[in-house]
Amino acid sequence: MDVAYGTSGDLLAAAVTVLDVRTLAVVDSAVSVGRPAFGYVPGLFAFRELPALLAALDRLTTRPDLLVCDGHGLAHPRRFGLACHLGVVTGLPSIGVGKTPLVGEWDPVQWRRGSWSPLWDGGDVVGRVVRTRDGVKPVFVSVGHRMSLDNATAQVLALAPRYRLPETTRTADRLCREALAGAG
DNA sequence: GCGACAG
DNA sequence: ATCTTGTCGC
């Protein structure tokens, strides 16, 4: 799942693409164009994108086994980021994959793809800093709903065999961008 | 009080 | 998130 914004700032498009984790083929997809429901405030990010993402999810003809969100889950100041929010509201398993940290500290991650180090915050392990490509900036993986951190890590690595980000967010990114273009 | 701060 | 040229590397 991913969201794109128009230059005017008052238009957005949310997209959901469903992939077969084994073949990485897109088996279903849906988009929703609308307006941000809330201003961007770090920590309250879910309130901004959730409505549009839920609208897109409703247009799916299949039920995903896992929601891969563009943002954090447990790795949040209140331990309830976008991925947790989406998971609880839909009842579906969910995980968060962030490109930059919001909270936490971590030790350097080994250069090799597949390496990771725990993301610590306030004495808790709130996620993992995972290397999805050799020598490329790692991503921040955290649990959202109904899934273990081990499983979340495995899914992310399975979904990102070649590029830094999971194929799910890459395909969703393209979809919401073109939807935005077609919405003028 | 000050700085940091997912997308 | 979005606005943007060139550049390093496989």
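Chain naming here is simple, since letters A, B, ... match the order of the sequence lines and numbering starts at 1 in each. Side chains are part of it too, since the values below use all heavy atoms of this structure and drop only hydrogens, waters and symmetry mates. Note that the coordinates shown come from a computational prediction; the quantities given were computed from them, not determined experimentally.
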Rounded to the nearest Å, what distance is computed from the [atom1] atom of residue [X] to the [atom2] atom of nucleotide [N]?
X	N	atom1	atom2	answer
A/Leu165	C/dA1	CG	C1'	14 Å
A/Met1	B/dG7	CE	P	16 Å
A/Asp10	C/dT2	CG	C1'	14 Å
A/Leu12	C/dT2	CG	C1'	13 Å
A/Glu105	B/dA4	CD	C1'	13 Å
A/Leu44	B/dG7	CG	C1'	13 Å
A/Arg128	B/dA6	CZ	P	23 Å
A/Leu11	C/dT2	CG	P	12 Å

Next on the checklist: Tell me if a side-chain donor or acceptor on A/Thr169 pairs with a main-chain N or O of A/Leu165 at a distance below 3.5 Å.
Outcome noted: no
Checklist entry - Given pairs defined as Watson-Crick or G-U wobble with both distances under 3.5 Å, what dot-bracket annotation applies to DNA chain B, with ( ) intrastrand, [ ] crossing, | other strand and . unpaired? => result .......
Looking across every strand, which nucleic acid part, if any, lies under 4.0 Å from [X] by heavy atom: base, sugar-phosphate, or nothing?
X	result
A/Gly43	base
A/Gly81	base
A/Pro77	nothing
A/Ala75	nothing

Checklist outcome for this item: Interatomic distance, CG@A/Leu19 vs CZ@A/Arg170, rounded to 0.5 Å, equals 11.0 Å
Next on the checklist: Once rounded to the nearest 0.5 Å, what's the spacing between atom CD of A/Gln155 and atom CG of A/Leu66?
Outcome noted: 6.0 Å
Item to check | Residue-phosphate contact under 4.0 Å: A/Lys99 side-chain N/O, B/dG7 OP1/OP2 | outcome: yes
Item to check | Distance below 4.0 Å between A/Arg177 side-chain N/O and C/dT2 OP1 or OP2 | outcome: yes
Would you call [X] and [Y] a salt bridge, taking side-chain N to carboxylate O under 4.0 Å as the test?
X	Y	result
A/Asp134	A/Arg112	yes
A/Arg79	A/Asp121	yes
A/Asp70	A/Lys99	yes
A/Arg146	A/Asp65	no

Checklist entry - What nucleotide among C/dT2, B/dG7, B/dA6 has an atom nearest to a side-chain atom of A/Thr7? => result C/dT2
Item to check | Whether A/Tyr40 stacks on the six-membered ring of C/dA1 base, 5.5 Å and 30° limits | outcome: no
